[in-house]
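So the structure is just underneath, and the comments pick up after that.
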Amino acid sequence: MTAFDDRLKAIVGPRGWKTDADDLEPHLTEWRGAYVGETRMLVAPQTTEQVVEVVRACADEGIAIVAQGGNTGMCGGAVPDQSGHQVLLSLSRLNRIRHVDELNYSIEVEAGCVLSDIQDAARDADRYFPLSLGAEGSCQIGGNLATNAGGVNVIRYGTARQLVLGLEVVLADGAVLSSLRSLRKDTAGYDLKQLFVGSEGTLGIITAATLRLYPDPGETVTALVAIRESGDAVRLLADLRGALDDRIEAFELVSRRIFEAVERAIPGARLPMDEEYPWYVLMEVAAGSHHEVVETALMKAAETGLVVDAVIAKNSAEADRLWRLRHSISEAERQLGKALKHDISVPISRMQEFLRRGDELLASLQPDATLLAFGHVGDGNLHYNVRLPDSLSGEERESAGERISTAILDLVDQLGGSFSAEHGVGQAKRELLKRYRRGTEYNLMRRLKETLDPQNILNPGKVI
Ligand code: FAD
Ligand code: 2HG
Ligand code: ZN
(Lines give C-alpha, C1' and ligand atoms only; values in the text may rest on other atoms or scores of the structure.)
(Ligands and ions follow the chains in the order given, each with its own letter.)
Protein backbone atom coordinates (compact mmCIF):
# COMPACT_ATOMS: atom_id res chain seq x y z
CA MET A 1 0.00 0.00 0.00
CA THR A 2 1.56 3.31 -1.03
CA ALA A 3 1.37 6.62 0.77
CA PHE A 4 -0.76 7.86 -2.14
CA ASP A 5 -3.33 5.09 -1.66
CA ASP A 6 -3.41 5.85 2.08
CA ARG A 7 -3.98 9.52 1.32
CA LEU A 8 -7.00 8.70 -0.87
CA LYS A 9 -8.45 6.36 1.77
CA ALA A 10 -8.07 9.00 4.46
CA ILE A 11 -9.91 11.55 2.28
CA VAL A 12 -13.00 9.40 1.61
CA GLY A 13 -13.10 7.44 4.87
CA PRO A 14 -13.45 3.68 5.43
CA ARG A 15 -16.73 3.29 3.48
CA GLY A 16 -15.59 5.41 0.56
CA TRP A 17 -13.13 3.15 -1.25
CA LYS A 18 -12.92 -0.32 -2.83
CA THR A 19 -10.00 -2.44 -3.90
CA ASP A 20 -11.51 -5.93 -3.71
CA ALA A 21 -11.73 -7.53 -7.18
CA ASP A 22 -15.35 -8.72 -6.76
CA ASP A 23 -16.50 -5.27 -5.60
CA LEU A 24 -14.70 -3.60 -8.46
CA GLU A 25 -15.82 -5.93 -11.24
CA PRO A 26 -19.13 -4.20 -12.15
CA HIS A 27 -17.29 -0.87 -12.32
CA LEU A 28 -14.57 -2.14 -14.60
CA THR A 29 -16.71 -3.63 -17.35
CA GLU A 30 -18.81 -1.61 -19.74
CA TRP A 31 -22.42 -2.83 -19.53
CA ARG A 32 -22.28 -4.69 -22.87
CA GLY A 33 -18.85 -6.12 -22.02
CA ALA A 34 -17.23 -4.28 -24.93
CA TYR A 35 -14.59 -2.61 -22.70
CA VAL A 36 -12.89 -3.99 -19.62
CA GLY A 37 -10.35 -2.03 -17.55
CA GLU A 38 -8.36 -2.15 -14.31
CA THR A 39 -7.99 0.32 -11.46
CA ARG A 40 -5.72 0.81 -8.48
CA MET A 41 -8.69 1.91 -6.38
CA LEU A 42 -12.29 3.05 -6.61
CA VAL A 43 -13.02 6.09 -4.47
CA ALA A 44 -16.53 7.35 -3.79
CA PRO A 45 -16.45 10.81 -2.19
CA GLN A 46 -19.54 12.06 -0.36
CA THR A 47 -18.91 15.78 -0.68
CA THR A 48 -17.54 18.23 -3.23
CA GLU A 49 -14.70 18.97 -0.79
CA GLN A 50 -13.72 15.29 -0.85
CA VAL A 51 -13.74 15.36 -4.67
CA VAL A 52 -11.43 18.38 -4.52
CA GLU A 53 -9.05 16.56 -2.17
CA VAL A 54 -9.01 13.44 -4.37
CA VAL A 55 -8.30 15.51 -7.48
CA ARG A 56 -5.51 17.42 -5.69
CA ALA A 57 -3.92 14.18 -4.51
CA CYS A 58 -4.02 12.79 -8.07
CA ALA A 59 -2.70 16.04 -9.54
CA ASP A 60 0.22 16.03 -7.09
CA GLU A 61 1.26 12.59 -8.32
CA GLY A 62 0.18 12.98 -11.98
CA ILE A 63 -2.23 10.05 -11.58
CA ALA A 64 -5.22 9.82 -13.91
CA ILE A 65 -8.86 9.96 -12.74
CA VAL A 66 -11.80 8.34 -14.50
CA ALA A 67 -15.18 9.70 -13.37
CA GLN A 68 -17.96 7.15 -13.29
CA GLY A 69 -21.70 7.62 -12.90
CA GLY A 70 -24.06 4.70 -13.49
CA ASN A 71 -21.69 3.09 -16.02
CA THR A 72 -24.48 2.86 -18.61
CA GLY A 73 -22.66 4.87 -21.29
CA MET A 74 -22.37 3.48 -24.80
CA CYS A 75 -18.78 4.42 -25.73
CA GLY A 76 -16.58 3.02 -22.95
CA GLY A 77 -15.97 6.49 -21.48
CA ALA A 78 -16.47 5.49 -17.84
CA VAL A 79 -14.16 2.46 -17.88
CA PRO A 80 -10.48 2.95 -16.93
CA ASP A 81 -7.66 1.68 -19.13
CA GLN A 82 -5.91 -1.63 -18.47
CA SER A 83 -2.82 -0.21 -16.77
CA GLY A 84 -4.26 -0.59 -13.27
CA HIS A 85 -2.81 2.84 -12.37
CA GLN A 86 -5.90 5.00 -12.91
CA VAL A 87 -8.17 6.02 -10.03
CA LEU A 88 -11.86 5.36 -10.59
CA LEU A 89 -13.94 8.16 -9.07
CA SER A 90 -17.52 7.05 -8.50
CA LEU A 91 -20.05 9.81 -7.92
CA SER A 92 -22.64 7.40 -6.50
CA ARG A 93 -22.38 8.63 -2.88
CA LEU A 94 -22.65 12.30 -3.88
CA ASN A 95 -26.36 11.88 -4.38
CA ARG A 96 -28.48 14.38 -2.49
CA ILE A 97 -31.39 16.26 -4.00
CA ARG A 98 -30.49 19.62 -2.53
CA HIS A 99 -33.45 21.83 -3.25
CA VAL A 100 -36.56 22.20 -5.40
CA ASP A 101 -37.42 25.81 -6.21
CA GLU A 102 -41.08 25.58 -7.19
CA LEU A 103 -41.44 29.23 -8.13
CA ASN A 104 -38.32 29.17 -10.29
CA TYR A 105 -39.17 25.78 -11.79
CA SER A 106 -35.70 24.49 -10.96
CA ILE A 107 -34.01 21.79 -8.90
CA GLU A 108 -30.49 21.60 -7.46
CA VAL A 109 -29.02 18.12 -7.30
CA GLU A 110 -25.71 16.39 -6.72
CA ALA A 111 -24.05 14.64 -9.63
CA GLY A 112 -24.59 11.09 -8.33
CA CYS A 113 -28.39 11.37 -8.19
CA VAL A 114 -29.99 8.62 -10.24
CA LEU A 115 -32.04 10.16 -13.05
CA SER A 116 -35.32 8.52 -11.97
CA ASP A 117 -34.86 9.93 -8.43
CA ILE A 118 -34.75 13.43 -9.90
CA GLN A 119 -37.87 12.73 -11.96
CA ASP A 120 -39.60 11.54 -8.75
CA ALA A 121 -38.44 14.55 -6.72
CA ALA A 122 -39.81 16.88 -9.39
CA ARG A 123 -43.12 14.98 -9.48
CA ASP A 124 -43.40 15.18 -5.67
CA ALA A 125 -43.23 18.96 -6.03
CA ASP A 126 -45.86 18.91 -8.78
CA ARG A 127 -43.21 19.67 -11.38
CA TYR A 128 -41.74 17.71 -14.28
CA PHE A 129 -38.15 16.85 -15.22
CA PRO A 130 -38.33 15.68 -18.83
CA LEU A 131 -35.01 13.87 -19.43
CA SER A 132 -36.02 10.24 -20.00
CA LEU A 133 -34.13 7.23 -21.35
CA GLY A 134 -34.03 3.48 -21.00
CA ALA A 135 -31.24 3.58 -18.40
CA GLU A 136 -33.01 6.14 -16.19
CA GLY A 137 -33.19 3.75 -13.22
CA SER A 138 -29.39 3.51 -13.02
CA CYS A 139 -27.70 6.34 -14.93
CA GLN A 140 -26.78 9.46 -12.95
CA ILE A 141 -27.37 13.09 -13.77
CA GLY A 142 -23.60 13.75 -13.74
CA GLY A 143 -23.22 11.09 -16.45
CA ASN A 144 -26.21 12.45 -18.36
CA LEU A 145 -24.67 15.91 -18.40
CA ALA A 146 -21.17 14.63 -19.11
CA THR A 147 -22.49 12.83 -22.21
CA ASN A 148 -25.13 15.45 -23.11
CA ALA A 149 -27.67 12.62 -23.10
CA GLY A 150 -30.76 12.82 -25.29
CA GLY A 151 -33.45 10.19 -24.83
CA VAL A 152 -37.07 10.20 -25.90
CA ASN A 153 -38.28 13.69 -24.98
CA VAL A 154 -35.71 15.82 -26.80
CA ILE A 155 -38.21 16.78 -29.49
CA ARG A 156 -40.05 18.96 -26.97
CA TYR A 157 -37.52 19.77 -24.23
CA GLY A 158 -34.05 19.46 -25.76
CA THR A 159 -31.03 17.40 -24.67
CA ALA A 160 -29.34 17.49 -21.24
CA ARG A 161 -27.54 20.62 -22.44
CA GLN A 162 -30.79 22.57 -22.70
CA LEU A 163 -31.95 21.38 -19.30
CA VAL A 164 -29.00 22.69 -17.29
CA LEU A 165 -29.13 26.12 -15.67
CA GLY A 166 -26.03 25.89 -13.50
CA LEU A 167 -23.13 23.57 -12.70
CA GLU A 168 -20.56 22.94 -10.02
CA VAL A 169 -17.37 21.42 -11.44
CA VAL A 170 -14.06 20.40 -9.90
CA LEU A 171 -11.26 21.29 -12.30
CA ALA A 172 -8.04 19.34 -12.92
CA ASP A 173 -6.08 21.34 -10.32
CA GLY A 174 -8.77 20.98 -7.66
CA ALA A 175 -10.26 24.47 -8.16
CA VAL A 176 -14.06 24.55 -8.01
CA LEU A 177 -16.08 26.27 -10.74
CA SER A 178 -19.11 27.24 -8.72
CA SER A 179 -21.74 28.31 -11.15
CA LEU A 180 -24.89 26.84 -9.63
CA ARG A 181 -27.02 29.77 -10.73
CA SER A 182 -30.61 29.15 -11.63
CA LEU A 183 -31.07 31.90 -14.19
CA ARG A 184 -32.92 31.74 -17.51
CA LYS A 185 -31.05 34.78 -18.74
CA ASP A 186 -27.40 35.55 -18.10
CA THR A 187 -25.10 37.24 -20.59
CA ALA A 188 -22.22 37.88 -18.20
CA GLY A 189 -19.30 36.63 -20.26
CA TYR A 190 -18.71 33.17 -21.66
CA ASP A 191 -21.14 30.41 -20.72
CA LEU A 192 -18.50 28.23 -19.03
CA LYS A 193 -20.86 25.57 -17.71
CA GLN A 194 -21.70 24.45 -21.26
CA LEU A 195 -18.03 23.54 -21.83
CA PHE A 196 -18.44 20.68 -19.40
CA VAL A 197 -21.70 19.36 -20.83
CA GLY A 198 -20.73 16.58 -23.22
CA SER A 199 -17.06 16.63 -22.12
CA GLU A 200 -17.23 13.05 -20.78
CA GLY A 201 -15.03 13.58 -17.73
CA THR A 202 -12.11 14.99 -19.75
CA LEU A 203 -12.36 18.65 -18.69
CA GLY A 204 -13.68 18.51 -15.12
CA ILE A 205 -15.65 16.47 -12.60
CA ILE A 206 -19.26 17.61 -12.37
CA THR A 207 -20.33 17.52 -8.72
CA ALA A 208 -23.72 19.29 -8.77
CA ALA A 209 -26.21 20.87 -11.16
CA THR A 210 -29.20 23.18 -11.23
CA LEU A 211 -31.77 21.88 -13.71
CA ARG A 212 -34.83 23.27 -15.41
CA LEU A 213 -38.21 21.92 -14.39
CA TYR A 214 -41.44 22.16 -16.35
CA PRO A 215 -45.14 22.05 -15.54
CA ASP A 216 -46.51 18.53 -15.53
CA PRO A 217 -47.59 17.88 -19.16
CA GLY A 218 -50.84 16.42 -17.79
CA GLU A 219 -52.69 13.70 -19.64
CA THR A 220 -50.79 12.31 -22.57
CA VAL A 221 -51.89 10.19 -25.50
CA THR A 222 -49.56 7.33 -26.38
CA ALA A 223 -50.03 5.78 -29.82
CA LEU A 224 -48.30 3.07 -31.78
CA VAL A 225 -48.67 3.86 -35.46
CA ALA A 226 -47.80 1.55 -38.35
CA ILE A 227 -46.29 3.06 -41.49
CA ARG A 228 -45.27 1.57 -44.85
CA GLU A 229 -41.76 2.96 -45.20
CA SER A 230 -39.31 4.40 -42.70
CA GLY A 231 -39.14 7.67 -44.64
CA ASP A 232 -42.90 8.19 -44.14
CA ALA A 233 -42.17 8.92 -40.48
CA VAL A 234 -40.65 12.27 -41.47
CA ARG A 235 -43.66 13.37 -43.52
CA LEU A 236 -46.01 12.16 -40.78
CA LEU A 237 -44.12 14.16 -38.15
CA ALA A 238 -44.24 17.32 -40.28
CA ASP A 239 -48.01 16.93 -40.75
CA LEU A 240 -48.68 16.14 -37.09
CA ARG A 241 -46.57 19.08 -35.95
CA GLY A 242 -48.90 21.34 -37.87
CA ALA A 243 -51.94 19.84 -36.16
CA LEU A 244 -50.54 19.37 -32.65
CA ASP A 245 -48.29 22.43 -32.23
CA ASP A 246 -45.40 21.70 -29.91
CA ARG A 247 -47.30 19.12 -27.89
CA ILE A 248 -45.49 16.10 -29.33
CA GLU A 249 -43.42 14.80 -26.41
CA ALA A 250 -41.85 11.83 -28.20
CA PHE A 251 -41.71 10.48 -31.74
CA GLU A 252 -39.75 7.24 -32.04
CA LEU A 253 -39.23 5.10 -35.13
CA VAL A 254 -38.86 1.33 -34.65
CA SER A 255 -38.61 -1.43 -37.25
CA ARG A 256 -40.65 -4.65 -37.13
CA ARG A 257 -37.41 -6.61 -36.90
CA ILE A 258 -36.45 -4.81 -33.69
CA PHE A 259 -39.83 -5.34 -32.06
CA GLU A 260 -39.55 -9.04 -32.92
CA ALA A 261 -36.18 -9.15 -31.15
CA VAL A 262 -37.75 -7.48 -28.11
CA GLU A 263 -40.64 -9.99 -28.11
CA ARG A 264 -38.12 -12.85 -28.15
CA ALA A 265 -35.82 -11.40 -25.49
CA ILE A 266 -38.16 -9.85 -22.95
CA PRO A 267 -40.68 -12.08 -21.13
CA GLY A 268 -44.24 -10.84 -21.63
CA ALA A 269 -43.37 -8.24 -24.28
CA ARG A 270 -45.87 -8.27 -27.17
CA LEU A 271 -46.80 -5.84 -29.92
CA PRO A 272 -50.51 -4.99 -29.63
CA MET A 273 -51.20 -5.34 -33.38
CA ASP A 274 -52.08 -8.57 -35.14
CA GLU A 275 -51.16 -7.42 -38.63
CA GLU A 276 -47.44 -7.17 -39.37
CA TYR A 277 -45.97 -3.94 -40.71
CA PRO A 278 -42.35 -3.11 -41.55
CA TRP A 279 -42.11 0.11 -39.54
CA TYR A 280 -43.78 1.73 -36.54
CA VAL A 281 -43.77 5.08 -34.81
CA LEU A 282 -44.30 5.23 -31.06
CA MET A 283 -45.52 8.70 -30.20
CA GLU A 284 -46.66 10.56 -27.14
CA VAL A 285 -48.63 13.78 -27.20
CA ALA A 286 -49.49 16.08 -24.30
CA ALA A 287 -53.14 16.40 -25.17
CA GLY A 288 -54.72 17.47 -21.87
CA SER A 289 -58.33 16.45 -22.03
CA HIS A 290 -58.43 16.86 -25.84
CA HIS A 291 -57.61 13.30 -26.89
CA GLU A 292 -59.78 13.70 -29.93
CA VAL A 293 -57.30 16.20 -31.42
CA VAL A 294 -54.75 13.41 -31.65
CA GLU A 295 -57.27 10.91 -32.99
CA THR A 296 -58.42 13.35 -35.64
CA ALA A 297 -54.85 14.10 -36.71
CA LEU A 298 -54.10 10.38 -37.02
CA MET A 299 -57.32 9.77 -38.98
CA LYS A 300 -56.32 12.49 -41.42
CA ALA A 301 -52.91 10.87 -41.80
CA ALA A 302 -54.65 7.55 -42.45
CA GLU A 303 -56.72 9.16 -45.21
CA THR A 304 -53.57 10.33 -46.95
CA GLY A 305 -52.09 6.82 -46.63
CA LEU A 306 -49.25 7.82 -44.31
CA VAL A 307 -50.68 5.84 -41.40
CA VAL A 308 -51.75 2.28 -42.18
CA ASP A 309 -52.76 1.16 -38.69
CA ALA A 310 -52.73 2.59 -35.18
CA VAL A 311 -53.30 1.58 -31.58
CA ILE A 312 -53.97 4.26 -29.00
CA ALA A 313 -53.26 3.28 -25.38
CA LYS A 314 -56.54 3.28 -23.44
CA ASN A 315 -54.92 3.86 -20.06
CA SER A 316 -51.55 4.41 -18.44
CA ALA A 317 -50.92 0.67 -18.03
CA GLU A 318 -51.25 0.19 -21.80
CA ALA A 319 -49.04 3.21 -22.42
CA ASP A 320 -46.42 1.80 -20.02
CA ARG A 321 -46.49 -1.52 -21.89
CA LEU A 322 -45.80 0.27 -25.18
CA TRP A 323 -42.92 2.22 -23.64
CA ARG A 324 -41.54 -0.96 -22.10
CA LEU A 325 -41.24 -2.37 -25.64
CA ARG A 326 -39.28 0.70 -26.68
CA HIS A 327 -37.04 0.87 -23.63
CA SER A 328 -36.15 -2.83 -23.90
CA ILE A 329 -34.53 -2.46 -27.32
CA SER A 330 -30.93 -2.07 -26.13
CA GLU A 331 -31.21 -5.12 -23.89
CA ALA A 332 -32.79 -7.20 -26.69
CA GLU A 333 -30.09 -6.03 -29.07
CA ARG A 334 -27.37 -6.96 -26.57
CA GLN A 335 -28.79 -10.48 -26.37
CA LEU A 336 -28.68 -10.78 -30.18
CA GLY A 337 -24.91 -10.22 -30.07
CA LYS A 338 -22.52 -7.57 -31.27
CA ALA A 339 -23.88 -5.10 -33.82
CA LEU A 340 -22.23 -2.22 -35.65
CA LYS A 341 -23.62 0.79 -33.83
CA HIS A 342 -24.21 4.05 -35.66
CA ASP A 343 -25.70 6.73 -33.40
CA ILE A 344 -26.18 9.23 -36.19
CA SER A 345 -28.05 12.48 -36.71
CA VAL A 346 -28.90 14.44 -39.84
CA PRO A 347 -31.15 17.47 -40.39
CA ILE A 348 -34.69 16.05 -40.39
CA SER A 349 -35.15 17.34 -43.93
CA ARG A 350 -32.32 15.00 -45.05
CA MET A 351 -33.54 11.97 -43.07
CA GLN A 352 -35.52 10.41 -45.94
CA GLU A 353 -32.50 10.70 -48.20
CA PHE A 354 -30.28 9.18 -45.51
CA LEU A 355 -32.64 6.22 -45.07
CA ARG A 356 -32.86 5.60 -48.83
CA ARG A 357 -29.14 5.94 -49.51
CA GLY A 358 -28.22 4.01 -46.35
CA ASP A 359 -30.35 1.08 -47.55
CA GLU A 360 -28.66 1.24 -50.96
CA LEU A 361 -25.22 1.21 -49.37
CA LEU A 362 -26.03 -1.79 -47.21
CA ALA A 363 -27.53 -3.65 -50.16
CA SER A 364 -24.40 -3.08 -52.23
CA LEU A 365 -21.79 -3.67 -49.50
CA GLN A 366 -23.34 -6.55 -47.55
CA PRO A 367 -26.72 -7.68 -48.86
CA ASP A 368 -27.07 -10.34 -46.13
CA ALA A 369 -26.53 -7.86 -43.27
CA THR A 370 -29.52 -7.12 -41.02
CA LEU A 371 -30.50 -3.52 -40.45
CA LEU A 372 -31.63 -2.85 -36.87
CA ALA A 373 -32.71 0.76 -37.12
CA PHE A 374 -34.65 2.65 -34.49
CA GLY A 375 -34.54 5.86 -32.58
CA HIS A 376 -35.45 9.43 -32.11
CA VAL A 377 -36.49 10.27 -35.66
CA GLY A 378 -38.25 13.40 -34.40
CA ASP A 379 -34.80 14.77 -33.50
CA GLY A 380 -33.16 13.57 -36.72
CA ASN A 381 -31.31 10.95 -34.61
CA LEU A 382 -31.33 7.27 -35.54
CA HIS A 383 -29.57 4.26 -34.12
CA TYR A 384 -28.77 2.83 -37.54
CA ASN A 385 -27.33 -0.41 -36.18
CA VAL A 386 -26.29 -3.27 -38.44
CA ARG A 387 -25.85 -6.96 -37.63
CA LEU A 388 -23.47 -8.93 -39.78
CA PRO A 389 -24.29 -12.53 -40.72
CA ASP A 390 -23.00 -15.17 -38.24
CA SER A 391 -21.40 -17.04 -41.13
CA LEU A 392 -18.55 -14.46 -41.44
CA SER A 393 -15.14 -15.27 -39.94
CA GLY A 394 -13.61 -12.87 -37.42
CA GLU A 395 -11.43 -11.28 -40.08
CA GLU A 396 -14.30 -10.96 -42.56
CA ARG A 397 -16.45 -9.32 -39.88
CA GLU A 398 -13.76 -6.80 -39.13
CA SER A 399 -13.21 -5.72 -42.72
CA ALA A 400 -16.94 -5.74 -43.58
CA GLY A 401 -17.67 -3.73 -40.43
CA GLU A 402 -15.02 -1.18 -41.29
CA ARG A 403 -16.31 -0.76 -44.86
CA ILE A 404 -19.97 -0.47 -43.83
CA SER A 405 -19.39 1.94 -40.93
CA THR A 406 -17.15 4.17 -43.01
CA ALA A 407 -19.65 4.27 -45.87
CA ILE A 408 -22.59 5.06 -43.57
CA LEU A 409 -20.74 7.70 -41.55
CA ASP A 410 -19.33 9.33 -44.70
CA LEU A 411 -22.89 9.55 -46.00
CA VAL A 412 -23.98 11.14 -42.71
CA ASP A 413 -21.13 13.63 -43.01
CA GLN A 414 -22.09 14.50 -46.60
CA LEU A 415 -25.64 15.18 -45.44
CA GLY A 416 -24.41 17.63 -42.80
CA GLY A 417 -24.94 15.18 -39.95
CA SER A 418 -23.03 13.85 -36.93
CA PHE A 419 -21.39 10.46 -36.28
CA SER A 420 -22.36 10.82 -32.61
CA ALA A 421 -25.78 12.26 -31.92
CA GLU A 422 -26.28 11.43 -28.25
CA HIS A 423 -23.86 8.75 -27.00
CA GLY A 424 -20.66 10.78 -27.03
CA VAL A 425 -17.18 9.73 -28.11
CA GLY A 426 -15.56 7.93 -25.15
CA GLN A 427 -12.87 5.51 -26.28
CA ALA A 428 -15.02 4.01 -29.04
CA LYS A 429 -15.13 6.98 -31.41
CA ARG A 430 -11.92 8.93 -30.92
CA GLU A 431 -10.75 8.19 -34.44
CA LEU A 432 -14.11 9.30 -35.80
CA LEU A 433 -13.79 12.62 -33.99
CA LYS A 434 -10.47 13.15 -35.75
CA ARG A 435 -11.94 12.16 -39.10
CA TYR A 436 -15.13 14.21 -39.02
CA ARG A 437 -14.23 17.23 -36.85
CA ARG A 438 -11.30 18.48 -38.82
CA GLY A 439 -9.19 21.63 -38.87
CA THR A 440 -10.03 24.51 -36.60
CA GLU A 441 -12.86 22.68 -34.84
CA TYR A 442 -10.67 19.75 -33.80
CA ASN A 443 -7.68 21.98 -32.95
CA LEU A 444 -9.79 24.18 -30.72
CA MET A 445 -11.03 21.09 -28.86
CA ARG A 446 -7.39 20.03 -28.36
CA ARG A 447 -6.40 23.46 -27.10
CA LEU A 448 -9.29 23.50 -24.67
CA LYS A 449 -8.25 20.12 -23.29
CA GLU A 450 -4.62 21.24 -22.96
CA THR A 451 -5.64 24.46 -21.23
CA LEU A 452 -8.06 22.91 -18.75
CA ASP A 453 -6.09 19.74 -18.09
CA PRO A 454 -2.39 20.44 -18.85
CA GLN A 455 -1.25 17.27 -17.03
CA ASN A 456 -3.78 15.15 -18.96
CA ILE A 457 -5.06 13.45 -15.80
CA LEU A 458 -8.82 13.72 -16.49
CA ASN A 459 -10.01 10.62 -18.32
CA PRO A 460 -7.00 10.40 -20.65
CA GLY A 461 -7.49 8.32 -23.77
CA LYS A 462 -11.12 9.37 -24.08
CA VAL A 463 -12.70 11.79 -26.58
CA ILE A 464 -9.54 13.55 -27.79
P1 FAD B 1 -21.35 6.76 -17.21
O2 FAD B 1 -21.57 5.69 -18.20
O3 FAD B 1 -20.92 6.34 -15.86
O4 FAD B 1 -20.30 7.81 -17.79
C5 FAD B 1 -20.42 8.31 -19.08
C6 FAD B 1 -19.30 9.34 -19.33
O7 FAD B 1 -19.48 10.47 -18.49
C8 FAD B 1 -17.90 8.83 -19.00
O9 FAD B 1 -16.99 9.41 -19.88
C10 FAD B 1 -17.65 9.33 -17.60
O11 FAD B 1 -16.27 9.51 -17.32
C12 FAD B 1 -18.39 10.65 -17.61
N13 FAD B 1 -18.95 11.03 -16.31
C14 FAD B 1 -19.87 10.36 -15.56
N15 FAD B 1 -20.19 11.07 -14.47
C16 FAD B 1 -19.47 12.21 -14.54
C17 FAD B 1 -19.35 13.36 -13.70
N18 FAD B 1 -20.06 13.49 -12.57
N19 FAD B 1 -18.50 14.34 -14.06
C20 FAD B 1 -17.77 14.24 -15.20
N21 FAD B 1 -17.83 13.19 -16.02
C22 FAD B 1 -18.67 12.18 -15.70
N23 FAD B 1 -28.25 7.77 -24.05
C24 FAD B 1 -28.96 8.72 -24.67
O25 FAD B 1 -28.45 9.81 -24.89
N26 FAD B 1 -30.26 8.47 -25.07
C27 FAD B 1 -30.88 7.31 -24.83
O28 FAD B 1 -32.03 7.13 -25.21
C29 FAD B 1 -30.16 6.30 -24.13
N30 FAD B 1 -30.74 5.15 -23.82
C31 FAD B 1 -30.04 4.21 -23.15
C32 FAD B 1 -30.68 3.04 -22.83
C33 FAD B 1 -30.02 2.04 -22.15
C34 FAD B 1 -30.74 0.76 -21.81
C35 FAD B 1 -28.66 2.23 -21.77
C36 FAD B 1 -27.90 1.19 -21.01
C37 FAD B 1 -28.01 3.43 -22.08
C38 FAD B 1 -28.68 4.43 -22.77
N39 FAD B 1 -28.08 5.64 -23.12
C40 FAD B 1 -28.80 6.58 -23.77
C41 FAD B 1 -26.65 5.90 -22.88
C42 FAD B 1 -26.43 7.13 -22.01
O43 FAD B 1 -25.30 7.88 -22.41
C44 FAD B 1 -26.30 6.87 -20.56
O45 FAD B 1 -27.33 6.07 -20.12
C46 FAD B 1 -26.18 8.07 -19.61
O47 FAD B 1 -26.30 9.38 -20.09
C48 FAD B 1 -24.83 7.96 -18.99
O49 FAD B 1 -24.97 8.16 -17.63
P50 FAD B 1 -24.10 7.32 -16.60
O51 FAD B 1 -24.35 7.93 -15.26
O52 FAD B 1 -24.33 5.88 -16.71
O53 FAD B 1 -22.63 7.69 -17.09
C1 2HG C 1 -31.90 4.23 -27.21
O2 2HG C 1 -32.36 5.14 -27.89
C3 2HG C 1 -30.47 4.31 -26.76
O4 2HG C 1 -32.59 3.28 -26.81
C5 2HG C 1 -29.65 3.08 -27.09
O6 2HG C 1 -29.86 5.49 -27.20
C7 2HG C 1 -29.32 2.90 -28.54
O8 2HG C 1 -28.59 0.67 -28.12
C9 2HG C 1 -28.58 1.62 -28.90
O10 2HG C 1 -28.00 1.59 -29.99
ZN1 ZN D 1 -31.16 6.74 -28.28
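Basis for what follows: all heavy atoms, side chains included, without hydrogens, waters or symmetry-related copies. Atoms within a ligand are numbered from 1 in the order they appear, just like the ligands themselves.
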Please list the nearest protein heavy atom to [atom] with its residue and the distance rounded to 0.1 Å.
atom: atom 26 (N) of ligand 1; value: Glu422 OE1, 3.0 Å
atom: atom 39 (N) of ligand 1; value: Met74 CE, 4.1 Å
atom: atom 29 (C) of ligand 1; value: Leu133 CB, 3.8 Å
atom: atom 4 (O) of ligand 1; value: Ala78 CB, 3.5 Å

Exercise. Ser418 and Ser420: side-chain donor and acceptor closer than 3.5 Å?
Worked result: no
May I ask you to check whether [X] has an N/O atom sitting below 3.5 Å from an N/O atom of ligand 1?
X: Leu91; answer: no
X: Ala111; answer: no
X: Val152; answer: no
X: Asn144; answer: yes
X: Gly70; answer: yes

Seminar exercise, completed: Any heavy atom of Thr147 under 4.0 Å from ligand 1? The part involved is side chain
For this session: Under 4.0 Å, heavy atoms only, figure out whether ligand 1 is touched by the backbone of His423, its side chain, both or neither.
Result: side chain
Could you list which atoms of ligand 1 come closer than 4.0 Å to a heavy atom of [X]?
X: Ala149; value: 25 (O), 47 (O)
X: Asn459; value: 9 (O), 11 (O)
X: Ala135; value: 32 (C), 33 (C), 35 (C), 36 (C), 37 (C), 45 (O)
X: Gly204; value: 20 (C)

Seminar exercise, completed: Interatomic distance, CG@Leu409 vs NZ@Lys429, rounded to 0.5 Å, equals 8.0 Å
Problem set entry | Contact check: Asp343 to the Zn ion (ligand 3), N/O/S below 2.8 Å | no
For this session: Run the salt-bridge test on Arg270 and Glu263 with the 4.0 Å N-O cut-off and return the result as yes or no.
Result: no
Exercise. Name the residues in contact with ligand 2, where contact means a heavy atom under 4.0 Å away: which are they?
Worked result: Met74, Arg326, Ser330, Glu333, Lys341, Phe374, His376, His383, Asn385, Glu422, His423
Problem set entry | Near-ring test Phe129/Tyr157, centroid separation under 6.0 angstrom | no
